[in-house]
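Chain A is the first sequence line, chain B the second, and so forth, proteins listed ahead of strands; every chain is numbered from 1.
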There are 2 protein chains.
Amino acid sequence: MATGRTHRPATRSRGIPEATVARLPLYLRALTALSERSVPTVSSEELAAAAGVNSAKLRKDFSYLGSYGTRGVGYDVEYLVYQISRELGLTQDWPVVIVGIGNLGAALANYGGFASRGFRVAALIDADPEMAGKQVAGITVQHSDEMERIISDNGVSIGVITTPPGVAQQVCDRLVAAGVTSILNFAPTVLSVPDGVDVRKVDLSIELQILAFHEQRKAGEEAANALPDGAVPASVTRKESADKGPDGDVPAVMPA
Amino acid sequence: MATGRTHRPATRSRGIPEATVARLPLYLRALTALSERSVPTVSSEELAAAAGVNSAKLRKDFSYLGSYGTRGVGYDVEYLVYQISRELGLTQDWPVVIVGIGNLGAALANYGGFASRGFRVAALIDADPEMAGKQVAGITVQHSDEMERIISDNGVSIGVITTPPGVAQQVCDRLVAAGVTSILNFAPTVLSVPDGVDVRKVDLSIELQILAFHEQRKAGEEAANALPDGAVPASVTRKESADKGPDGDVPAVMPA
DNA sequence: TGATGTGAACCCCTTCACAGCC
DNA sequence: GGCTGTGAAGGGGTTCACATCA
């Protein structure tokens, strides 16, 4: 990077931007598809198109990992798959527990994409005694009482919370106390965790609301602007119109 | 804003930063909880804590909406709930269709948080003739053949895709052709859409991979770096260190 | 020749710190 | 006195554009 060194700046290691990390899985997926089609190399342009980003961004992202490409040629697909997998920590197996086996928890348990990439459902946990013992996705549901033992026995460091919002924080606390340091939260609640624990959230309702915001914009401004605040709610005429388009390409993320 | 005007800058309307829009649902949720407890006002500090952000950010966010607070006092809860709802377009009803009624689609259909906030499941659609006619979450599943008619008849502008990845793009194309301009994609695929159509994606696998990356960091480098691929991986000294901590509060989504 | 790797410009967002108002 | 609203500073991330090198 800074230096013109080619072979892995050695100590650069830290400092992969969070935004880049969030895109690595995207690149990996695109590369895996190419790999299955036995494509040997790709240019940044082609791969970027497949991943839905622009090529400059992709090259910059890869530059944080090292110089894995060949000028005038492109990137070796297999090699990149390996490097990104390694960077993401997917060369090892991550046991995961899912807590809260309702509709969503069961759906996730059945989700194939899990095992495909280094993740293994180590246990399904539910607070309902009725659920305990039942089979979901070929796995026997266990009662919450077992949570600490399960986590400890399996060395689980990643937990998925699919409980009702009311109990999400306490489930989270127990997971953390038992040794979990990464949590994927599907419950519509803000979780507070100690330093060193990562939380990512997935929230259907929030996503829909963001879409609604833009949708309203597209429909025309009359609606929202029509009423002098203190006043009465809208009527919202609506009428198509493309204009604004939040962004040419993709919506976006954001850090925390 | 720019001007010192107090009463709804009228034409300011556009220009709410995307990052702010993404947090409005969070504020709204916290405010709704306060409202249910009949709390009349909140300070930026309290509300920020409840929403998991810092107070400066919250005040800045609200400043894009207008001057809705009272210095020395705080914000009126009910008033803010209304203003944010209006801004997000939740004062109207948004009919939504869910395409792909497998485990996940069914789970979403059963998800309560839907109706609670201006969203209404107008239809469940599946390509499997076996599914058509079945009841899921109290709604009769309809066959894909009906898609265009359903969207048109109900004025649907938001679609949720929970199909297998292989058919997601074609489903997307049909939705868009039929008039849908906002899509929430749960399929692990990059969707391409024309300008003016918003896509947000929710991807379990990507979230887990991001967590794995950080998890690997916490665990120390030995593991992944141990193998000398094409050359030698890094040594990456690193040693715990809370430092970086992806963030204190909340993670996020990402574009398409 | 052609595509990578990257400094530098640019832009958006976050954070600070305090002026302004109740 | 207390808390909002906001210029200004600071950081990150994206994009540009080109030097670099197989």
Side-chain angles (χ1 to χ4, degrees), chain A residues 1-9 12 14-24 27 41-49 51-76 79-80 83 246-256, chain B residues 1-9 12 15-24 27 41-49 51-76 79-80 83 243-244 246-250 252 254-255:
Chain A
M1 333 276 82
T3 78
R5 304 293 293 91
T6 332
H7 242 72
R8 269 243 17 283
R12 190 253 303 94
R14 356 179 344 285
I16 296 181
E18 189 58 30
T20 294
V21 172
R23 281 187 295 268
L24 292 181
Y27 301 144
T41 60
V42 265
S43 66
S44 60
E45 205 73 54
E46 298 165 328
L47 184 54
V53 303
N54 77 47
S55 63
K57 192 184 290 185
L58 178 143
R59 288 198 303 277
K60 176 70 88 179
D61 282 341
F62 285 177
S63 79
Y64 292 116
L65 307 183
S67 283
Y68 294 150
T70 305
R71 293 170 200 248
V73 179
Y75 300 92
D76 181 276
Y79 187 59
L80 251 193
Q83 290 299 345
D247 358 283
D249 27 38
V250 268
V253 192
M254 75 230 42
Chain B
M1 337 274 70
T3 80
R5 304 291 295 90
T6 332
H7 240 72
R8 267 233 29 271
R12 190 255 300 98
I16 297 181
E18 189 58 30
T20 294
V21 172
R23 281 188 294 269
L24 292 181
Y27 301 144
T41 61
V42 265
S43 66
S44 62
E45 204 73 54
E46 297 165 328
L47 184 53
V53 304
N54 78 47
S55 64
K57 192 185 290 183
L58 177 144
R59 287 199 302 279
K60 177 69 87 179
D61 283 342
F62 285 178
S63 79
Y64 292 116
L65 307 184
S67 284
Y68 294 151
T70 306
R71 293 168 200 249
V73 179
Y75 301 91
D76 181 275
Y79 187 57
L80 252 193
Q83 289 299 345
D243 76 279
K244 209 270 190 173
D247 359 283
D249 27 37
V250 271
M254 86 228 31

From the options [options], select the nucleotide whose nearest atom is closest to the side chain of [X].
X       : options               : answer
B/Arg59 : D/dT6, D/dT14, C/dT4  : D/dT6
A/Lys60 : C/dG7, D/dG13, C/dT14 : C/dG7
B/Ser67 : C/dC16, D/dG7, D/dG5  : D/dG5
A/Arg23 : D/dG5, C/dG5, D/dT14  : D/dT14

Taking only nitrogen or oxygen atoms into account, show me every contact under 3.5 Å that the protein makes with nucleotides 19-22 of chain C, one pair per line with its distance.
unit_1 : atom_1 : unit_2  : atom_2 : d
C/dG20 : N3     : B/Arg71 : NH1    : 3.1
C/dC22 : O4'    : B/Arg71 : O      : 3.1

Figure out the [atom1]/[atom2] separation between [X] and [N], and round it to whole Å.
X       : N      : atom1 : atom2 : value
B/Glu46 : D/dG2  : CD    : C1'   : 12 Å
A/Asp76 : D/dA22 : CG    : P     : 17 Å
B/Leu47 : D/dG5  : CG    : C1'   : 15 Å
A/Leu58 : D/dG13 : CG    : P     : 16 Å
A/Asp61 : C/dT6  : CG    : C1'   : 13 Å
A/Ile16 : D/dG13 : CD1   : P     : 12 Å
B/Tyr68 : D/dG5  : OH    : P     : 11 Å
B/Phe62 : D/dG5  : CZ    : C1'   : 13 Å

> How close do A/Thr41 and A/Glu46 get, heavy atom to heavy atom, and via which atoms?
Replying inline: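 Looking at all heavy atoms of both residues, the closest pair is O-OE1, 4.4 Å.
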>> I need the minimum non-hydrogen distance between A/Tyr75 and A/Gly69, along with the two atoms involved.
In response: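 Minimum heavy-atom separation between A/Tyr75 and A/Gly69: CD2-CA, 3.4 Å.
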>> Side chains of A/Ile16 and A/Leu65, heavy atoms from C-beta outward: is any pair under 4.5 Å?
In response: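 Yes; the side chains approach each other to less than 4.5 Å.
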> Would A/Leu47 and A/Leu80 satisfy side-chain contact (heavy atoms from CB on, under 4.5 Å), going step by step from the backbone distance to the final call?
Replying inline: CA-CA 11 Å; A/Leu47 184 54; A/Leu80 251 193; 4.2 Å; yes
> Can you tell me if the side-chain N/O atoms of A/Asn54 get under 4.0 Å from OP1 or OP2 in D/dT15?
Replying inline: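 Yes, because at least one side-chain N or O of A/Asn54 sits under 4.0 Å from OP1 or OP2 of D/dT15.
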> Does A/Tyr75 make a side-chain N or O approach to OP1 or OP2 of D/dA22 shorter than 4.0 Å?
Replying inline: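 For D/dA22, neither OP1 nor OP2 has a side-chain N or O of A/Tyr75 closer than 4.0 Å.
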>> Using the ring-ring contact (aromatic ring centres under 6.0 Å, His included) criterion, which residues pair with A/Tyr27? Sequence neighbours excluded.
In response: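 A/Phe62.
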>> Once side chain to side chain contact (heavy atoms under 4.5 Å, CB included) is applied, do any residues pair with A/Ala48, and if so which ones, sequence neighbours excluded?
In response: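 Checked A/Ala48 against side chain to side chain contact (heavy atoms under 4.5 Å, CB included); matches are A/Val53, A/Ser55, A/Leu58.
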>> Please compare A/Thr20 and B/Ser43 by the position of their nearest nucleotide in DNA chain D and report the one closer to 5'.
In response: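 The residue closer to the strand's 5' end, by nearest nucleotide, is B/Ser43.
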>> Can you work out whether B/Ser44 or A/Ala19 has the more 5'-proximal nearest nucleotide on DNA chain D?
In response: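 In this pair, the answer is B/Ser44.
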Can you name the atoms? Protein N/O to nucleotides 9-12 of chain D N/O, anything below 3.5 Å, with the distance.
none

>> Restricting to side-chain hydrogen bond (donor to acceptor under 3.5 Å, both in side chains), what partner residues turn up for B/Ser44, sequence neighbours left out?
In response: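 For B/Ser44, the residues satisfying side-chain hydrogen bond (donor to acceptor under 3.5 Å, both in side chains) (neighbours in sequence not counted) are B/Arg59.
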